[in-house]
Amino acid sequence: QKEVEQNSGPLSVPEGAIASLNCTYSDRGSQSFFWYRQYSGKSPELIMFIYSNGDKEDGRFTAQLNKASQYVSLLIRDSQPSDSATYLCAVIGYLRDKLIFGTGTRLQVFP
Amino acid sequence: DAGITQSPRHKVTETGTPVTLRCHQTENHRYMYWYRQDPGHGLRLIHYSYGVKDTDKGEVSDGYSVSRSKTEDFLLTLESATSSQTSVYFCAISESGDQPQHFGDGTRLSIL
C-alpha cells in the first residue's frame, strides 16, 4: 500500500462546476496535510494546508480532513479552465520529518 | 514567491561525469530539501537538511550526496551520473519539519 494515494485521473469537469479531489494516507499518526497545484513544466505551488479535522476554506478552495477515515480532500468551487493542472496531496507523518507526496490527480476543466 | 533559486535550470551531460546542482534561498529557512520528479513516481525525497552541516537521507538517496556549509545554500552532487538519474530536480525550503514547503523552479537534468 502506498503511503499517500490519489487517483491519477484525469478528472474532467465543466467550467463553473465543483471539482472534488481525494487523497488517502496510511500513517494514522499523520499530523499535517497539504495540497499543491502543479502546472505542466512548472514547480509545485502550495494552495492549501490543514491540520485539524473538518473543513478549511480559502476563496474557491476548501480542504476537508477526516483523520478517522485517513482521508483528505480538496474542493474547487466555480472551476475555471485556469484550474487545469495536476493536484498533489502531501502528508507529514508521525515522525514529522518528511513530506510524503501522492502521485497527483490531473484535473481538466473544459469550457 | 519564496526566494529560492536553483542553478542550472537545464543541464545535459554524459554518463560517468560528476554533476552538482545548487539551491540558494534568501528566506533564512532552517530546512532544505532535494526531490526528483519522474512520470509515474511523483515527487521523491533524495536528501534533506535541518541545519548547517546537518543532513539526512530520503527515499532515493543512492548515488547522490549533499552538502550544506551555509544556511542559504544546499548542494546536490551526482558523483558519477547514470542515465537513471535523468529527471527534474526540485529544491524546497521550510521553516521547520512540519511546516509547508515551498519549491524552486526546478532543474531539468538529462544524462546521455
*Report, by ascending residue number, the residues of residues 35-42 of chain A in heavy-atom contact with chain B at a distance under 4.5 Å; give 'none' if the set is empty.*
A:Tyr36, A:Gln38, A:Lys42

*Which atoms of B:Gln99 approach chain A - backbone, side chain, both or neither, heavy atom under 4.5 Å*: both

*asked:* Can you tell me which portion of A:Leu99 sits under 4.5 Å from chain B's heavy atoms? Options are side chain, backbone, both or neither.
replied: both

*Within residues 101-111 of chain A, residues adjacent to chain B where the heavy-atom gap is under 4.5 Å*: A:Phe101, A:Thr103

_same_hphob_cluster(A:Leu11, A:Tyr87) at 4.5 Å side-chain heavy-atom cutoff_ = yes

_Using a 4.5 Å heavy-atom cutoff, which residues in residues 47-55 of chain A come close to chain B?_
A:Phe49, A:Tyr51

*Gap separating the CD atom of A:Glu3 from the CD atom of B:Glu59, nearest 0.5 angstrom*: 7.5 Å

*Interface moiety of A:Ile100 toward chain B, non-hydrogen atoms closer than 4.5 Å*: neither

*What closest approach, in Å, do B:Asp98 and A:Ser32 show between heavy atoms, and which atom pair accounts for it?*
O-OG, 3.8 Å

*asked:* Report, in residue-number order, which members of residues 62-81 of chain B are under 4.5 Å from chain A by heavy-atom distance.
replied: none

_Could you check whether atom CZ of B:Arg9 has more than 12 heavy atoms from other residues, nucleotides or ligands sitting under 6.0 Å from it?_
yes

*asked:* Quick check: do B:His102 and A:Leu46 have side-chain heavy atoms less than 4.5 Å from each other?
replied: yes

*For the pair B:Phe103 and A:Glu45, evaluate side chain to side chain contact (heavy atoms under 4.5 Å, CB included) and give the outcome as yes or no after the intermediate values.*
CA-CA 7 Å; B:Phe103 286 79; A:Glu45 173 193 9; over 6 Å; no

_Closest contact, heavy atoms only, B:Gly104 versus A:Ser43_ = O-CB, 2.9 Å

*Side chain, backbone, both or neither: which part of B:Tyr50 has a heavy atom under 4.5 Å from chain A?*
neither

_Shared hydrophobic cluster, A:Ile76 / A:Val13 (ILVMFWY, side-chain heavy atoms < 4.5 Å)_ = yes

*Considering only heavy atoms, which portion of B:Leu45 lies under 4.5 Å from any heavy atom of chain A: side chain, backbone, both, or neither?*
side chain

